[in-house]
Structures are given as structure tokens and as C-alpha cells.
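Input: a single structure, listed below in C-alpha cells.
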Amino acid sequence: MQLSGRGVACVRGGREVFSGLDFAAASGEAVSVVGRNGAGKTSLLRLIAGLLIPAGGTIVLDGGDAEMTLPEQCHYLGHRDALKPALSVAENLAFWADFLGGERFEAAESLATVGLDHATHLPAGFLSAGQRRRLSLARLLTVRRPVWLLDEPTNALDVAGQEMFGGLMREHLSRGGMIIAATHAPLGIDSRELRIGGTA
Amino acid sequence: MQLSGRGVACVRGGREVFSGLDFAAASGEAVSVVGRNGAGKTSLLRLIAGLLIPAGGTIVLDGGDAEMTLPEQCHYLGHRDALKPALSVAENLAFWADFLGGERFEAAESLATVGLDHATHLPAGFLSAGQRRRLSLARLLTVRRPVWLLDEPTNALDVAGQEMFGGLMREHLSRGGMIIAATHAPLGIDSRELRIGGTA
Amino acid sequence: MTLIDLANPTRFLALTARLLPWLAGATVILLAIGLYQAALAPDDYQQGATVKIMFIHVPNAWLSMFVWGVMSIASLGTLVWRHPLADVAAKAAAPIGASFTFLALLTGSLWGRPMWGTYWEWDARLTSVLILFLMYLGLMALWRAVDDPSRAARAAAVLTLVGAINLPIIKFSVDWWNTLHQPASVMRMGGSTLDKSFLVPLLLMAIAFTLLFVTLHLAAMRNEILRRRVRSLQMMQASRVAFSSGAREDGASKEVGAT
Amino acid sequence: MMSLGPYASFIVTSYAAVALVVAILIGWIALDYRNQTERLRELDRSGVTRRSGRSAVDAS
Amino acid sequence: MTALAALIRRDIRIALRVGGGALIGVLFFLTVVVLMPFAVGPDLALLSRLGPAILWLGALLASLLTLDRLFMADHEDGSLDLITMSRTPLELACAAKALAHWLAAGLPLIVATPVLGLLLNLDMVATGAVALTLLAGTPALTFTGMIGAALAVTLHRGGLLMAVLVLPLSIPVLIFGVAASQAVIVGPMTFGAPFSILCALSLVSLVVGPFAAAASLRHGLD
Amino acid sequence: MTALAALIRRDIRIALRVGGGALIGVLFFLTVVVLMPFAVGPDLALLSRLGPAILWLGALLASLLTLDRLFMADHEDGSLDLITMSRTPLELACAAKALAHWLAAGLPLIVATPVLGLLLNLDMVATGAVALTLLAGTPALTFTGMIGAALAVTLHRGGLLMAVLVLPLSIPVLIFGVAASQAVIVGPMTFGAPFSILCALSLVSLVVGPFAAAASLRHGLD
Ligand code: HEM
Ligand SMILES: Nc1ncnc2c1ncn2[C@@H]1O[C@H](COP(=O)(O)OP(=O)(O)OP(=O)(O)O)[C@@H](O)[C@H]1O
Ligand SMILES: Nc1ncnc2c1ncn2[C@@H]1O[C@H](COP(=O)(O)OP(=O)(O)OP(=O)(O)O)[C@@H](O)[C@H]1O
Ligand SMILES: [Mg+2]
Ligand SMILES: [Mg+2]
């Protein structure tokens with residue numbers, strides 16, 4: 001499985017963010033997207049996720065499930081965590097598991113993995129910043145997708161949480177998954193660096 | 001000037017988060033609040049800012065402006081950045097400067113300091129995560145307040161931004177200011193550690 | 001001359017600059033002939049001299065629908081073919097179409113007073129035209145409210161296409177519901193029932209107003225293209241100021257405007 | 001002079017209204033054109049050029 | 001299918017929790033119905049004549065008041081991103097959301113109509129007719145309103161602009177809904193003609209709404 | 001003072017940009033006025049009798065449609081935290097926000113009344129009377145509605161619940177507003193009595209509204 005972009009260009013709000021960007025990632029490989037604030041890291045992840053339309057170039061996934069589009073094979077973990085404060089932790093997770101469909105894992109187990117098993121029945125609105133992030137991570141575990149697109153995933157995680165997350169990423173890669181992560185902090189795993197917009 | 005809390009207790013959503021917490025910070029001193037996810041770091045900052053009411057104990061600022069309450073002498077920089085996407089960067093900053101009042105600095109200069117002078121007339125909705133964070137920092141510079149309450153302030157900042165921010169904090173301390181920051185990452189300045197809820 | 005050639009705004013400006021005087025001339029001449037013929041037309045045995053209102057009411061009413069039709073096609077151009085001039089065309093047409101609709105409503109109610117004894121009646125034809133007018137206004141409001149033209153264009157296109165459902169309702173409302181308004185007599189299956197002495201000036205006026213629309217539309221499109229050029233140049237100027245202050249080391253904000 | 005019958009005022013009003021609205025449309029479009037070209041010329045004077053390198057006012 | 005069912009279940013659950021449950025919906029209509037006599041004046045004959053209009057306005061209001069957040073809330077918390085990316089076609093997801101909205105906001109009104117009819121001095125037959133027209137017509141209000149909700153997200157605009165764009169589309173629904181109910185109450189028209197048009201409008205909006213909303217969301221990606 | 005002025009300026013600016021300008025407000029009322037005859041039936045005499053009620057309902061609608069986001073938006077983006085912490089008393093800040101809301105959503109209606117009056121077949125005097133009552137009464141709608149908006153934030157609830165809380169409070173305003181306008185149009189009551197009650201209601205709400213809203217926001221801190 002190989003994800004590759006050729007000459008990708010991005011325009012937002014009528015202004016060109018970057019252009020002529022080439023990148024590639026293979027199964028079991030992590031790419032960390034780096035660059036200064038406003039360079040276009042988030043934009044690149046959203047382009048891959050199909051949430052922005054490229055102003056030029058192409059992004060293709062070779063060797064994935066031929067029946068599915070690229071976005072359908074991606075998990076996108078952005079700044080906004082897609083949680084409903086009125087629903088409980090378990091309900092939030094169960095909804096995404098049902099809605100996203102496909103191969104899936106025990107929700108209760110994923111909650112235990114990310115250390116939220118004591119909060120299963122709390123409303124998501126009661127969670128602290130780091131706990132919300134952990135709940136988002138549980139979504140990645142419950143529904144299997146080969147490509148993970150992570151936007152500053154370690155934000156708000158405590159030290160133990162970052163270690164736990166490092167373990168999850170390594171496991172995902174070892175199963176043949178692929179990770180594209182935009183970060184300013186070290187990711188905690190071996191990764192290839194993709195720099196956008198010159199040195200910071 | 002001395003900020004001190006005695007036996008502070010916090011209850012959220014009917015559950016006790018922490019209790020019997022003592023802390024103190026003096027002029028020119030930075031305290032970094034640490035603890036695992038959900039320990040109550042954000043809650044403590046909100047207690048100091050008067051945005052939560054303590055379930056027990058007292059928090060007082062000695063030697064500040066006697067005419068003003070503690071929250072009125074604080075800057076609070078939380079996860080939510082108090083920016084209106086429909087207004088331009090300059091309008092957002094100008095509003096907070098006018099509304100918060102008191103001693104203040106050239107808005108344009110603060111924008112230049114945080115590296116946003118090229119984006120003055122962009123709507124705030126166009127900014128990237130790090131750019132929004134920088135705009136929030138500009139608010140701290142434009143309006144002078146002795147106490148800074150910062151919740152994971154380096155989130156989303158790039159490496160250059162973190163350095164810039166370290167400089168700003170050092171300058172604030174050297175002018176006799178005080179910083180209470182909740183963080184998981186090192187703050188980049190000398191600081192006293194206040195641990196909540198046991199070791200992570 | 002193909003649609004592809006027109007895709008280049010600069011070429012479009014050049015072409016229309018040459019075309020516009022001729023169009024304007026033709027409009028004026030036809031309008032003059034039409035008005036003259038209308039003045040010569042005899043009084044109707046039922047409606048008396050008020051039938052003269054027909055010569056402006058009907059062309060305006062037709063155009064109010066025609067313009068929305070043009071906008072709908074332009075909207076398809078925006079959404080499906082992403083033709084660069086499509087949203088310019090749609091945006092420029094809206095105020096003109098709204099004016100025609102307003103005039104159809106106004107002349108209609110001025111005609112209604114002597115004919116039906118009332119300026120306004122909530123019947124299907126009148127109501128559906130009023131809805132058309134409100135939708136024109138809504139579209140114009142949408143264009144004004146959103147400063148990013150491409151974003152506004154796509155939203156407006158969706159709304160225009162949805163609103164196009166109103167067109168057949170206007171057209172056939174007189175057949176589907178028995179209303180005060182008269183049924184179609186010119187554009188109907190099986191030929192016109194109108195007398196020639198009315199038909200000729202009416203058709204002349206209709207053609208004249210259509211030409212008027214084409215002229216105004218092309219001119220308004222030119223303005224719109226220029227407005228976008230101004231906008232993108234101003235944004236370029238803004239970012240150039242930023243470069244000179246040394247905030248950015250690379251050209252991270254190249255402008256990508258309409259032209 | 002043709003006779004317009006008892007409803008002359010209605011007929012005249014409708015023709016006048018059409019003339020007025022069309023005049024306003026034409027006036028607005030002409031004014032808009034003047035404004036835009038003026039702003040383009042100003043931008044040109046301040047040295048902003050289009051990417052194609054042509055002059056900003058190069059409308060044709 | 002499970003995906004759509006999950007979406008509908010979630011949206012209803014949130015609507016009931018955040019909106020305060022179906023009871024609030026009924027309470028809202030009750031307030032509107034109680035309000036009208038004050039606005040119009042306490043004339044019972046006039047009131048029963050206006051009865052269907054008042055109930056229909058209540059329905060329109062309820063959908064306007066809640067619809068503009070239909071997609072906005074999902075957009076703001078990032079759910080919409082995941083919904084767009086998912087295997088479920090966006091059109092179906094939009095339809096599911098609208099259906100959930102109708103179940104949570106439209107259905108309670110219809111259930112409450114008999115009670116409200118009493119307050120408005122409507123007899124049994126008239127109440128039944130109004131309830132039937134509401135059942136046939138409120139889906140059209142929701143499904144056309146959805147277009148406005150999608151535009152609100154695309155344009156980053158809300159409030160009155162949305163109402164201005166949506167209201168013209170809902171006028172026909174209102175006309176025929178009220179006309180059909182009036183036909184039963186005062187005659188002389190038949191109930192059938194406007195009612196079948198109402199049903200036709202609902203059917204058209206069931207198709208056009210999701211497509212237009214999905215198109216608008218897709219083209220407004222950002 | 002500069003603080004309050006800044007708050008008012010900001011809120012108006014956002015309302016105009018996001019809502020699409022004051023013109024949208026007028027367009028909204030136009031649509032509501034156009035809508036009513038459909039609901040009520042095309043009877044000109046009835047319409048002109050209902051005219052004031054329709055205009056008042058339009059005003060109520062516009063405030064309901066926009067009010068529930070009054071504090072919610074500031075709460076969601078964290079602005080409300082900073083406003084609460086600031087030196088400006090929360091009561092004054094609330095009043096300033098309500099004033100800005102009234103300027104952006106209430107005033108356009110009053111300005112547009114003459115045009116709308118024409119459509120509703122109202123004569124000059126009646127139109128003037130309605131405009132006057134709206135001028136005196138719409139502040140009361142905004143300032144009582146504000147209490148509901150504050151409760152919506154405190155309770156983390158929105159939508160219909162808000163409307164249910166606010167509507168009963170606005171009923172008296174509506175009654176006396178319509179009564180005063182009707183007095184001018186059909187008699188036999190005098191204009192003065194209901195009008196002065198309307199003014200009194202507005203004055204009371206100008207005081208009670210900000211205090212109640214601020215109290216609710218303070219107790220809802222979280
Ligand atoms: C505000 C009121 C009115 C509106 C909105 C209105 C609207 C329209 C529209 C949209 C059409 C074009 C329909 C089509 O192409 O099939 C039309 C045509 C026409 N209208 Fe009106 N109308 C109004 C009042 C009147 C009145 C009062 C009269 C005369 C008694 C009248 C006479 C006609 C005639 C003769 C046609 C041409 C029909 C044909 O030959 O197809 N209209 N009107
Ligand atoms: N709005 C709320 N209502 C009820 N309980 C809450 C609320 N916000 C947080 N809590 C609870 O209070 C506790 C402390 O939360 P807080 O946000 O202070 O943690 P934190 O130390 O900042 O964590 P993090 O490192 O994840 O930011 C958590 O257990 C959380 O579940
Ligand atoms: N919604 C938007 N509309 C218009 N322009 C935008 C929008 N979002 C971002 N931009 C612009 O696009 C550029 C890239 O933004 P992006 O969010 O991709 O940056 P980033 O690399 O993720 O930055 P950060 O490190 O701050 O997260 C920025 O210059 C920003 O101003
Ligand atoms: Mg980013
Ligand atoms: Mg926290």
C-alpha cells in the first residue's frame with residue numbers, strides 16, 4: 001500500500017498556501033509533517049482526507065481497498081474532536097463505531113486502552129482537554145482504517161498519555177498501517193520528515 | 001505582590017476534583033501546574049480567574065491593586081481563544097484592548113512581536129491553529145495585567161513561536177509579573193512546579 | 001467563437017467592448033419601433049386603452065423568468081463545468097432580473113386595478129412571481145453578505161437551481177389553478193390567440209427588452225470582472241506591504257484571484 | 001395625440017416606472033464601471049501589477 | 001443502514017437531551033397557540049378561522065428556530081468532517097439528519113394537535129384535517145429548511161440570512177397546508193386538491209432537499 | 001464607557017457581517033409580512049385588521065431567531081470568560097450586548113414599517129402608530145429575551161427550550177403593543193393607556209433584564 005501525492009497545490013481563502021508538493025508514504029511508515037505556523041500542515045491533511053479540494057496535482061492510494069475512495073480509508077483526527085457534550089463517553093464512541101462501520105473492535109476495550117474506562121458513563125462535556133483527546137484516540141482503535149491522519153495528536157496528552165499513544169501508533173504501523181501526522185513536538189516514534197514551506 | 005491559595009477545594013459536576021490544595025506565587029515568579037489528564041489543572045486556573053467558585057478554601061492576591069478584584073488583574077488564556085472568525089485580526093485585538101481597558105500597548109506592535117503583522121487584515125477565521133494562538137498572545141501584550149493564567153500555552157506553537165513566547169514570559173516576569181501555567185510540555189523558562197493529584 | 005474562448009476574462013472584455021455599442025444601438029432602435037407600434041395599436045374592446053400596459057407588462061414578466069433561467073444555466077456552469085465566467089454571469093444577472101420582476105409586479109398591479117378592481121390579490125400567479133422576486137432579493141443579499149466570491153458563487157448556484165423549480169409553477173399556475181390572471185395567449189400550444197394588431201408590437205417589445213437585458217448583462221459582467229480584478233490586486237498589495245516589513249521569508253501568500 | 005381613456009394615469013405611471021427603473025439600472029452600471037476602472041487606475045499608479053505583468057487597467 | 005440508523009438515533013437523542021425532550025416541543029406549540037389570541041385579539045370566531053394558520057405557523061417557527069443549527073453544530077465540533085469522509089453517501093446522511101430533526105421537532109406537534117385544537121376552538125373533523133395536513137406537510141418544511149441549514153454552513157453565516165433564503169421556499173407548503181385545512185373547515189374548495197399538492201411538495205422536497213444540501217456542503221468544503 | 005462602546009460596536013459589526021447586514025433584517029420582515037397572508041388567507045380587510053399583529057409577530061420572530069445565540073456564541077469561543085473577568089460590571093456588559101442586538105435586529109424593522117404597512121393595507125396614521133409602538137416595545141422583547149439567552153448558556157440548552165422560557169415573558173409586550181396599535185386603527189380604546197403600559201414594560205425590562213441575565217450567567221459559571 002502506498003500513498004503518494006504529485007505536485008499538490010493548495011489554495012485557501014483565495015491565497016496560495018503551497019504548490020508543487022510531492023510526498024509518499026508506504027505501509028508501516030510514519031510521516032511527520034513539519035513546518036512553521038501557517039505553513040499548511042493542517043491543510044495538507046485535509047487535502048488527503050478529501051476535506052479540501054486540491055488546486056492542482058493528485059493524491060492517490062495504491063494497493064488499498066479498490067472499492068473505496070481514499071478518504072473512506074482514512075481516520076482524521078483534527079483539532080476539533082467530533083464529540084457531543086450531551087452524550088456520554090460510551091454513546092459518543094458507539095455512535096462513531098456504528099456510523100463509520102467496517103471492521104471493528106470492542107469499544108469497552110479501546111476505552112480501557114486509552115485510560116477512560118472509569119469515565120464510560122460521564123457526559124463527554126465533563127471531560128478535561130486531555131480526556132477528550134483520549135476519547136478521540138479510542139475512535140481510531142475501535143474502527144480499523146489503514147491510514148491515520150493526525151493533526152498535532154499529542155496536544156493535551158500528559159506524559160503517560162503520550163507514551164500510551166506512541167505504543168498505539170507503533171502497533172498500527174506494525175499491522176501495516178500508515179500514519180501522516182502534523183506536529184511541532186517529537187512524535188515519539190520513528191518517522192520520515194516532510195517539511196512544508198521552508199525551514200521554520 | 002503575592003498570590004496564595006489555602007486549602008482550595010474544587011468540585012465539578014458533583015465530583016470532587018481536588019481538595020486542600022495550598023499554593024503560592026510571588027512577583028517575578030512562574031509556577032507550572034502539572035498533573036495527569038483530568039487532575040484539575042484547568043480547574044485550578046479557572047478557580048483563580050474567578051470562573052469557578054471554590055468548594056472550599058480561599059485564594060487571595062496581596063499587594064496588587066487594592067481597587068480591583070483578583071480576576072480583574074488576571075489574563076486568562078484558555079483552550080478557547082475568544083476570537084471572532086468574522087472579524088479581522090486587527091479588529092479582534094482592538095476589541096479586547098478597548099474592552100479590557102487599563103494600561104495598554106500599541107496593538108500593531110504586539111502583532112509584530114507575535115509574528116502576525118502580515119495578517120492584520122485577514123479575518124480571524126482564516127488563521128491556522130498556531131496563528132490563532134499567537135493572536136491570543138498578542139492580547140496579553142496589548143493589555144497589561146500582572147497575573148497571567150495560561151492553560152497549555154505552547155500548544156500549536158511552532159518551535160520559533162515557543163522561543164518567542166519564552167522571551168515574552170521572561171520579560172513579563174522581569175517586569176514583576178506572575179505566571180501560573182498548566183502544561184504537559186516543559187514551559188521553556190525557570191518555574192516552580194505545582195503538582196496536582198499525585199504523580200502521573 | 002466558442003465557450004472555451006470566452007473562458008478567458010481578458011478575451012471576454014475585449015470581445016464585449018466591441019460588441020456592446022452595436023447591442024445598445026440595436027436595443028434603442030427596436031425599442032423605438034416597438035413603442036411606436038404600441039402607441040399605434042388599437043384599444044381593446046374589453047380592456048380599452050389599458051391594454052397598452054400589456055406591451056411592457058408581458059415582456060417584463062417573461063424576462064423575469066428568462067433571467068432566472070439564464071442564472072440557472074450559469075449555476076450549472078459553476079457547479080458542473082466550473083466555467084470561470086459562470087459565477088460572474090450569475091451574479092451580474094441577479095439585480096437585473098430583480099428589476100424586471102419588480103416591474104412585472106408593478107405594471108401587473110397597475111393593470112389589475114382597472115381590470116380586477118384591486119392592486120393585489122393573493123392568487124397563484126401573482127404569489128409565485130412575488131416569491132420569485134423574494135428569491136432574487138435573497139440571492140442578492142447572499143452575494144452581498146459573503147466576501148469570498150467563489151464560496152458565495154457555489155452557495156448561490158445551489159440556491160438558484162433549487163429556485164428554478166418556481167419557474168414552471170409561475171408558467172403553469174394559470175392552468176393549474178383558476179385564478180384572476182389570464183391564461184397564456186401568446187406562448188401556448190396550438191398558436192397564439194392574440195390579434196395581430198397586438199401581437200406585433202408585443203413581440204417587438206419583447207425582443208427589444210431581451211436585447212436590453214443582454215446589453216445590461218454583458219455590461220454588468222464586465223463590471224464584475226473588473227471588481228474581482230480590483231479585489232485580487234488589493235489583496236496582493238496588502239501582502240506586498242507585509243513582505244516589505246520582512247515578516248515572511250517566502251512568497252507564502254501569492255494571490256489567486258479571478259483574473 | 002392618442003387618447004388613453006379613463007385610466008390614463010395607470011398607463012402613464014407604468015411606462016414611467018419602467019423608464020425610471022431601466023434608467024436607474026443603466027446609471028448604476030455606468031457608475032459601477034467608472035468606479036472600478038478608477039480603482040484599477042489607482043492601483044496601477046501605486047505600482048501593483050497583475051501576475052501576467054500587464055497593466056492593471058488593461059481592460060481590453 | 002446501521003450507519004444511517006446510528007445517525008438518526010444520535011441526532012434524536014441529542015435533540016431530546018439538549019432541547020429538553022419532546023415535552024418542550026409540545027410546550028413550545030402550546031405557547032405559540034396561547035400567544036396568538038393575544039396578538040390577534042380574543043375573538044373566538046376569528047380564532048377558529050385562523051386555527052389552522054396558527055398551528056401551521058407554529059410548525060414553521062419550530063423548524064426555523066431549530067433548523068439553522070442542523071449542520072452548524074456538526075460543523076463546529078468536526079463531526080461533519082467525519083461524516084463527509086465516511087462511506088455513507090452525503091445525500092443519505094443529510095436525509096437521515098433531516099428525518100431525525102423531523103421526528104424530534106415535527107412529530108410532537110402533530111401528536112399535540114388534538115389538544116391544541118381544543119384551545120383554538122376547532123371541532124373534531126377540523127382538528128383531524130389539520131393534523132393530517134401537518135403530517136403530510138411538515139416533512140417538506142424540514143427538508144427545504146435543510147437546504148438553508150447547509151447554506152449556513154457553507155457561507156459561515158446564520159441568523160436572519162438563513163431565514164430569508166429558506167422562507168420563500170416554505171411559502172408554498174404553508175399555502176397549501178392551510179388551504180387544505182381551511183377547505184375542511186369552511187369550504188367551498190375540496191380537501192383533496194390542495195392536499196395532494198401538499199403531498200407532492202413533500203415528495204419533491206424529500207428528493208431535492210438532500211441533494212441540494214449535500215451539493216452545498218460538498219461545494220462548501222473548507 | 002469605551003469598554004461598553006467597544007462591545008456594542010463589535011456585536012453590531014458581527015451581526016451585520018454574519019447576518020448579512022441590516023438589509024437582511026428588512027428583507028426578513030418583508031418575507032414574514034408576505035408569508036402571513038398565505039397563512040391567514042387573502043382577505044384584505046382581515047389583513048389590515050391583523051396588520052399590527054403581523055408586524056409585531058415579525059418583530060418577535062426576528063428576536064427569537066437571533067437571540068438564542070446572544071451569549072451562546074460568546075460562551076463557546078471563550079469570550080464570555082473574559083467578559084466575566086473584566087472590570088466592566090457584567091450587568092452593564094449584558095445591557096450593552098442586548099442594545100447591540102436591538103440595534104441590529106429591532107431597528108431595521110421599525111425603519112421598514114412604512115413599506116410593510118403598504119403591503120398590509122395600513123393607512124398612514126396606523127403605520128405611524130405601529131412604528132411608534134414597535135419603537136417603544138421591541139427593546140422590551142430584546143431585554144426579556146436576553147434572560148432566556150443567559151439561561152440557555154447556563155443550562156447548556158438551546159433551541160425550543162429557550163423559546164419556551166422567553167415567550168411567556170414577551171406575551172404582555174405583545175398584548176399591549178398590538179392593543180395600542182389597534183386602538184388607533186379601530187378604536188374604541190385610547191392609544192395612550194396601552195402605550196404607556198408598553199413604555200413601562202420596556203423600562204422595567206431595561207432594568208430587570210440585565211440583572212437577571214447577569215445573575216444567571218454568574219451562577220452558571222462552569
Ligand atoms: C401583479 C400582478 C401580475 C403579475 C405578477 C403578473 C405576472 C405575469 C407573468 C409572470 C406573465 C408571463 C406568463 C407566461 O409567460 O405564461 C404574465 C403574462 C401576462 N399577463 Fe400578467 N401579471 C399580473 C397582472 C396582470 C393583469 C392585471 C393583467 C391583465 C388583466 C395581466 C395580463 C397578462 C397577459 C395578457 C399576459 C400574457 C399572457 C400570455 O400571452 O402568455 N397580468 N403576467
Ligand atoms: N464542565 C465540567 N463539568 C463537570 N466536570 C468537569 C467539567 N470539566 C472538567 N470536569 C472534570 O474535572 C476534572 C478536572 O478537569 P480539568 O479540565 O481541570 O483537568 P486538567 O488537569 O486540565 O486535565 P487535562 O490535562 O486533560 O487538561 C476531570 O476529571 C473532569 O472530568
Ligand atoms: N478556513 C480558512 N480560510 C482561508 N484561509 C485559511 C483557512 N484556514 C487556514 N488558512 C490559511 O492557510 C494557511 C495554512 O493553514 P494551516 O492551518 O494549514 O497551517 P498549519 O501548517 O496547520 O499551521 P499551524 O502550525 O498553525 O497549525 C495559513 O496561512 C492560513 O492563514
Ligand atoms: Mg494546523
Ligand atoms: Mg486542561
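These numbers were taken from a predicted model, which means no experiment stands behind them. In the text below, chain A, chain B and the rest are named by the order of the sequence lines, each starting its count at 1.
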Largest heavy-atom contact set with chain C, pairs under 4.5 Å, which of Ile147(E), Leu151(E), Thr144(E): Leu151(E)
Could you pull out the closest heavy-atom pair between Pro168(E) and Leu134(C), with the gap in Å? CG-CB, 4.2 Å
Contact between Met135(C) and Leu169(E) at the side-chain level, heavy atoms closer than 4.5 Å - yes or no? yes
Give a yes or no on this: more than 12 heavy atoms of other residues, nucleotides or ligands lie within 6.0 Å of atom CZ of Phe66(C). no
Please report the closest heavy-atom contact between Ala155(C) and Leu155(E), naming both atoms and the distance. CB-CD2, 3.5 Å
Run the side chain to side chain contact (heavy atoms under 4.5 Å, CB included) check on Arg154(C) and Thr154(E) step by step: do they pass? CA-CA 9 Å; Arg154(C) 290 179 303 227; Thr154(E) 314; 5.7 Å; no
Side-chain contact test, heavy atoms from C-beta onward, threshold under 4.5 Å: evaluate it for Pro172(E) versus Ile131(C) and give yes or no. yes
Between Ile165(C) and chain E, with a heavy-atom cut-off of 4.5 Å, which part of the residue counts as in contact: side chain, backbone, both or neither? side chain
Between Thr78(C), Leu161(C), Val162(C), Leu79(C), which has the largest tally of heavy atom pairs under 4.5 Å with chain E? Leu79(C)
Closest non-hydrogen contact found for Gly138(C) with Leu165(E) is O-CD2, 3.6 Å
